[in-house]
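Working notes, structure below.
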Number of protein chains: 2
Amino acid sequence: MIAPTESELSILGVLWEAGPLTVREVNDVLNRQSSGNGEKPIGYTTTLKIMQLMAEKGLVDRDVSNRSHVYSAAVAQERTQRNLLSRFVDRAFGGSRSELILRALGDGNATTDELQEIKKLIEKLEQDGTE
Amino acid sequence: MIAPTESELSILGVLWEAGPLTVREVNDVLNRQSSGNGEKPIGYTTTLKIMQLMAEKGLVDRDVSNRSHVYSAAVAQERTQRNLLSRFVDRAFGGSRSELILRALGDGNATTDELQEIKKLIEKLEQDGTE
DNA sequence: TTGCAACTACGAAGCAGTTCGTATATATTT
DNA sequence: AAATATATACGAACTGCTTCGTAGTTGCAA
């Protein structure tokens with residue numbers, strides 16, 4: 001599976017969130033997101049180009065039946081996140097998932113509800129592993 | 001803080017693991033690691049160049065008192081991992097740490113011991129949060 | 001129908017990271 | 001002392017990603 005680059009990922013993020021969109025719409029969302037910070041807006045043709053390349057790579061599908069092409073994510077969010085995560089764990093944590101989790105938890109930003117949810121998942125995993 | 005690139009990170013990994021080393025030693029470790037896979041070995045001057053740039057960036061310190069310079073990590077592993085993690089969570093999980101943790105746990109590769117350790121940490125966090 | 005706005009397509013510049021050849025200096029071996 | 005091995009330094013090529021200008025097309029409004 002092809003790993004999306006930085007900007008490809010941000011575009012996928014928009015498509016995952018909002019469903020099929022035109023280049024114009026994606027570009028608007030991205031610029032709405034990054035305004036407020038001092039970042040300069042992304043040019044329309046820049047977004048267009050990247051989305052065209054994404055279509056070639058199979059990261060998005062596009063519907064060409066209208067003048068404004070409509071793009072949709074061709075890769076599932078969960079699967080993509082798993083892939084990225086796996087690569088990241090290898091790169092930054094020597095392949096140790098639990099090291100990463102400990103580090104993420106240690107950052108002290110999780111809410112009680114989140115902790116609860118995670119604990120529940122762990123208990124489920126323990127059961128599956130012990131039986 | 002400066003985020004290390006891919007190859008910089010792999011070099012830091014070696015230095016974190018083994019302590020201060022020469023370029024030759026680092027290069028050997030890297031090539032020992034990546035042999036076995038079909039990957040072609042990293043040239044000595046490539047590693048040298050990267051480590052020189054790292055020294056300029058302040059990612060490593062170097063001791064020039066001998067002919068073979070000795071490099072050591074100038075950034076702590078934990079701090080660096082935290083930084084990378086934070087960036088990664090933003091890029092791939094829309095900033096949600098707990099999403100990432102759930103995804104990491106869901107991959108089903110954690111051992112019982114690891115789960116135990118994580119659970120302990122969660123309970124500690126819960127106590128801290130509730131008091 | 002003429003002109004303006006919005007779209008796609010595409011080439012090319014720009015940039016960061018990586019890789020390597022080569023020049024040069026310094027040890028070590030014979 | 002000469003030859004050989006091993007260092008550093010550095011420029012330059014190469015790669016992948018991003019960014020943009022511009023040309024050409026299509027729809028819409030005056």
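Lettering of chains follows the sequences in order, A, B, ..., and the numbering in each one begins at 1.
- With contacts defined as side-chain heavy-atom distances shorter than 4.5 Å, the pair B/Leu59/B/Ile11 does not qualify.
- Side-chain contact between A/Glu56 and A/Gln52 is absent, with no heavy atoms from C-beta onward closer than 4.5 Å.
- In this structure, the side chains of B/Val60 and B/Leu12 come closer than 4.5 Å at one or more pairs of heavy atoms.
- Partners of A/Glu39 according to the salt bridge (Lys or Arg N to Asp or Glu O under 4.0 Å) rule, which considers only residues two or more places apart in sequence or in another chain, do not exist here.
- An OP1 or OP2 oxygen of D/dC20 is reached within less than 4.0 angstrom by a side-chain nitrogen or oxygen of A/Thr46.
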Taking distance alone, no hydrogens or angles, what donor-acceptor pairs closer than 3.5 Å link side-chain atoms of residues 15-26 of chain B to residues at least two apart or in another chain?
| residue | atom | partner | partner atom | Å |
| --- | --- | --- | --- | --- |
| B/Trp16 | NE1 | B/Val75 | O | 3.0 |
| B/Thr22 | OG1 | B/Glu25 | N | 3.2 |
| B/Thr22 | OG1 | B/Glu25 | OE1 | 3.3 |
| B/Glu25 | OE1 | B/Thr22 | N | 2.8 |

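- The side-chain heavy atoms of A/His69 and A/Met51, taken from C-beta on, include no pair separated by under 4.5 Å.
- Atom-to-atom distance recorded for B/Gln116:CD and A/Ser98:OG is 12.5 Å, nearest 0.5 angstrom.
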List the atom pairs, donor and acceptor, that lie under 3.5 Å between side-chain atoms in residues 86-93 of chain A and the rest of the protein, sequence neighbours left out.
| residue | atom | partner | partner atom | Å |
| --- | --- | --- | --- | --- |
| A/Arg91 | NH1 | B/Glu6 | OE1 | 3.1 |

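- Tested against B/Leu121, the residues A/Leu115, A/Leu102, A/Ile101 include a single side chain to side chain contact (heavy atoms under 4.5 Å, CB included) partner, A/Leu102.
- Salt-bridge annotation for A/Glu123 and A/Lys119: absent, with no side-chain N of the basic residue lying under 4.0 Å from a carboxylate O of the acidic one.
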Could you go over nucleotides 14-16 of chain C and give all protein N or O partners under 3.5 Å, atom names and distances?
none

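- In this structure, the CD atom of A/Glu39 is 10 Å from the P atom of D/dT19, given to the nearest Å.
- Separating the CG atom of A/Leu53 from the P atom of D/dT15 is a distance of 17 Å, rounded to the nearest angstrom.
- Counting to the nearest Å, the P atom of D/dC17 and the CZ atom of B/Arg91 are 12 Å from each other.
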Sugar-phosphate or base contact per nucleotide [nucleotides 6-11 of chain C; S, B, -; heavy atom under 4.0 Å] | BBBBBB

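- Within residues 6-14 of chain B, the residues having any heavy atom under 4.0 Å from DNA chain C are, by residue number, B/Glu6, B/Ser7.
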